[in-house]
There are 4 protein chains.
Amino acid sequence: MSQAQRGRPRDAQIDERVLRAAAEQLLRRGYGGLSVDEVAEQAGVAKTTLYRRWPTKDHLAIAVVAHLQGEDDITDTGDIRRDLTDYMEKIAAALNRLRSAGRPSGRDDRSAGVVAELVAAGARHDDIGEMGRRNYARRNALAAGLIERARERGELRADLDPVILLDQLAGALYYRVLVTGAPVDRDYAERLVTTALGGAMAEAFGPLPPADRTDRSADRSPSQKGRS
Amino acid sequence: MSQAQRGRPRDAQIDERVLRAAAEQLLRRGYGGLSVDEVAEQAGVAKTTLYRRWPTKDHLAIAVVAHLQGEDDITDTGDIRRDLTDYMEKIAAALNRLRSAGRPSGRDDRSAGVVAELVAAGARHDDIGEMGRRNYARRNALAAGLIERARERGELRADLDPVILLDQLAGALYYRVLVTGAPVDRDYAERLVTTALGGAMAEAFGPLPPADRTDRSADRSPSQKGRS
Amino acid sequence: MSQAQRGRPRDAQIDERVLRAAAEQLLRRGYGGLSVDEVAEQAGVAKTTLYRRWPTKDHLAIAVVAHLQGEDDITDTGDIRRDLTDYMEKIAAALNRLRSAGRPSGRDDRSAGVVAELVAAGARHDDIGEMGRRNYARRNALAAGLIERARERGELRADLDPVILLDQLAGALYYRVLVTGAPVDRDYAERLVTTALGGAMAEAFGPLPPADRTDRSADRSPSQKGRS
Amino acid sequence: MSQAQRGRPRDAQIDERVLRAAAEQLLRRGYGGLSVDEVAEQAGVAKTTLYRRWPTKDHLAIAVVAHLQGEDDITDTGDIRRDLTDYMEKIAAALNRLRSAGRPSGRDDRSAGVVAELVAAGARHDDIGEMGRRNYARRNALAAGLIERARERGELRADLDPVILLDQLAGALYYRVLVTGAPVDRDYAERLVTTALGGAMAEAFGPLPPADRTDRSADRSPSQKGRS
DNA sequence: GAGTAAGCGAGACGGTACGTCGCGTCTTCGT
DNA sequence: ACGAAGACGCGACGTACCGTCTCGCTTACTC
């Protein structure tokens, strides 16, 4: 059936050890502080072994993050607003985790941190880029299914393009993290989904509630309690 | 008033020569192919001189791009949809210019290219990041003014948050370029604005036209003529 | 008596295949171009197998050369000058074969080539060195016998030390190949023996004949002012 | 006159520090124990700086030895036998110094040690080889002058080829060190010169004196039957 | 017009990390 | 045991590029 075993098999523990060591360095010291040499040493692994599995520091970093984030699946509760908000929040949480890596906690830096470097890694190596795009395609296809079903239920307008909607939602999060430095949190995710669905909800749902717009100027105040 | 002139003044031509040389390398060979040593040599300038003006390769790269892109101001024609679409298209054009740098022209690569590296540069150096954020804040403030005025004219719903709207619009573009690799073009800009304004238009405008949705699957076909 | 056969016997063809592959690489690309991994692959043999027979790349190289050169025995015709010249020429031929390995033919390079690396191999590993020394001791003992017999016949002076004579003869060849880069050929071998035997011949032979020195041009010593 | 000073001049102390550190490692641990990384560290110099001056470990090693040996000039006392013997002894001394490098002092190893590696270095890099050959050409030209003058004085036979004579003399030393592993010392140098000059001395000088052969025990040649 | 403060060209230097190379060992399965 | 296959450990090598420093020279402004 499967290919017969040829040669010495890869030591499964090595992945574990290396990724653990790399994760620690990446989170503690940021992307620039991640050194292949040190990772190898700390993991008790020869550099060549490491390079046999991850041909580049960038590949290693990507693997670390993929390993850290694990699987975040999308749930379908039947309430499209809630599901999308959850999805956005998951993305936001992941971004925030990476954003603050390598910086003294508390330090509310607006820098994109590791997130930007990972994106750049995708730009530097075609294979990483391709993998990332496949990954996003997969997740967005799931989310698109969500939207599709909601539309079929009549919750959303018939002419809605799920791809664009998702671009707008996820895009806003990435834009804030990578470009404007604005915070992304639960509250923002809610407002985002609300706004985006504003014109997408089927007419039956009528105009949106007026949404309390106090203190919108800074858009960073931590006390945005949100509204009904 | 200003500090009296001490010592030899800086040679004004140098900026020009260096930026030209750097731009060529950046566009021809991408970010990784941009080397300070080579730029200095090609520009006929000492590295010292170069570093006196741009303290870092990242700073130089940012300056190059800023110099290349020039000023793209936002116009207010009174037609909010058109103005926003124009704005988005300008952003898209700038992104596309950078995206393809360093790659064989025909090669329709989906990589984020230099864009990602610039974002990463902002993440590596706080001053670059801060400058970028200020820049975006300024431009978005202008765009927000556009939206505000449209709202006051009654074109848009009263409860619309301009910041979120802009996040969704610009965010979608960046998301596509940096994350999903999807193309951003005039057609996409139009559909994007249309979708985003869908629920934001005041009721008076009525439901959106059904919008021809043929061939939405690939979402990359170049011949998407769009509709009114 | 001898140990009973345990397990699978060694495949006799393997030596042949490996040595052939190694010889090709060694001759074509020189010592640095000889790689154990590649030899194994080209010979269709596992590295393990290879290392079971030759514990080191150096050992392999030595084996290759020994295999290439084969046996060069010393003949005793009764004419000491001729016999010694033949011996020297055999050595010279072997040196020349190795000297040019790894270099474009025709290219009259003066480098010592593989010869130097073999000598170094002997310096790196005591067993190789020991083997080489034993080998030379054996051959030189044969040659010393030649000299001894010639002396007993009265052809050579009674107080001649055969060891020193051989040092001078063979040494000159090695010196030229390894140190000065000068060529060693038939002509040189003749002149060498003639010169060395000059003072060693028994008086009865009288002064040496002027020795036809035509075509000494190949010898590149710049200060050859010629002699009477 | 000389080229105007361009750029920062090389720090002269660096050569000193590096060569000292390298010499220590080379002598203490042999050629294999010489590591560029460690030399750089021990000398307190960046590896790049080191590579800027010596492009290869081999080049560094050669420089170390050249620096260690210093200038050994050839003296002309008018007594050709003595002068040649002195020259040979100087060569022998230099060889012996290198031969024992990296080995416990008492250990009378017969290995060629560092000498072989230096010769190999010359074979690996054409520029090193060329330099070595030039160096030997220069020294041998001086020695050839010695011989020439002796011949003109009538001390040596008119038809003697100085190049061959020197090949035989120096060659014997190198041959012993690199090939047979026999020792080279003052005594051997004397016997060597005596033998070589045996037939080269002008007839007027008559047969050679029997040459005191005390303490030949160090010479390990197995077939030393002695002579009349 | 001498002094001086800076700019500039050239290139050495320090530093860090990277990725590579090749060797020789070890582990697995199959013969 | 041998053999094929290939992972692993190890050590060093040479490189790339960055950003700093040290020269000598030049250009202005200042006194």
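Chain letters run A, B, ... following the sequence lines, proteins first and then strands; every chain starts at 1.
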(message) A quick test of your reading: do over 12 heavy atoms of other residues, nucleotides or ligands sit less than 6.0 Å from CD of Gln69(C)?
(response) yes
(request) Would you mind reading off the distance between Arg17(A) atom CZ and dC8(F) atom P, rounded to a whole angstrom? (result) 10 Å
(request) Nearest-nucleotide wise, let me know which of Glu38(B) and Gly7(B) is further upstream toward the 5' end of DNA chain F. (result) Glu38(B)
(request) Name the residue closer to the 5' end of DNA chain E, choosing between Thr56(A) and Asp37(C) according to the nucleotide with the nearest heavy atom. (result) Thr56(A)
(request) To the nearest Å, give me how far apart CD1 (Ile14(C)) and C1' (dA1(F)) are. (result) 13 Å
(request) Report yes if at least one side-chain N or O of Thr49(A) is closer than 4.0 Å to OP1 or OP2 of dA7(F); otherwise report no. (result) no
(message) If you count heavy atoms of other groups shown closer than 6.0 angstrom to NE2 of His67(D), is the number above 12?
(response) no
(message) Using a distance-only criterion (donor-acceptor N/O pair, under 3.5 Å, no hydrogens), is the base of dG24(E) paired with the side chain of Lys47(C)?
(response) yes
(message) Rounding to an integer number of Å, can you tell me how far Asp15(C) CG sits from dG3(F) P?
(response) 9 Å
(request) Rounded to the nearest angstrom, tell me the gap between atom CZ in Arg29(A) and atom C1' in dT16(E). (result) 13 Å
(request) Would you classify Leu50(B) as touching base, sugar-phosphate or nothing, given that sugar-phosphate means primed atoms plus P, OP1 and OP2, and contacts are heavy atoms under 4.0 Å? (result) nothing
(message) With nearest nucleotide decided by heavy atoms, which residue, Asp11(A) or Gly32(B), maps closer to the 5′ end of DNA chain F?
(response) Asp11(A)
(request) Calculate the interatomic distance between Arg52(A) atom CZ and dC10(F) atom C1'; express it in whole Å. (result) 11 Å
(request) Could you please name the option among dG14(F), dG14(E), dC18(E) that lies closest to any side-chain atom of Val36(D)? (result) dG14(F)
(message) Quick check: any donor-acceptor pair below 3.5 Å linking the side-chain of Thr48(C) to the base of dA5(F)?
(response) yes
(message) Whether the side chain of Arg8(A) and the base of dC8(F) hold a donor-acceptor pair under 3.5 Å is what I'd like checked.
(response) no
(request) Say whether, by atom type as modelled, one donor and one acceptor occur between the side chain of Lys57(A) and the main chain of Leu34(A) under 3.5 angstrom. (result) yes
(request) Starting at atom CG of Asp58(A), determine the distance to atom P of dC18(E), rounded to an integer number of angstrom. (result) 10 Å
(message) Tell me the interatomic distance from Trp54(C), atom CH2, to dG3(F), atom C1', rounded to whole angstroms.
(response) 14 Å
(request) Select one nucleotide: of dG19(F), dG3(F), dT20(E), the one nearest the side-chain heavy atoms of Tyr51(B). (result) dG19(F)
(message) Please determine whether a side-chain nitrogen or oxygen atom of Arg53(B) lies at a distance below 4.0 Å from atom OP1 or OP2 of dC8(E).
(response) yes
(request) State plainly whether the residues Arg20(C) and Glu16(C) are in salt-bridge range, i.e. N to O under 4.0 Å. (result) yes
(request) Check whether any side-chain nitrogen or oxygen of Arg10(B) sits under 4.0 Å from OP1 or OP2 of dA6(E), and answer yes or no. (result) no
(request) Taking all non-hydrogen atoms of both residues into account, name the closest pair between Tyr31(D) and Leu26(D) and its distance. (result) CA-CD1, 3.7 Å
(request) Report the distance from atom CD of Gln25(C) to atom P of dG22(E), rounded to the nearest whole Å. (result) 10 Å
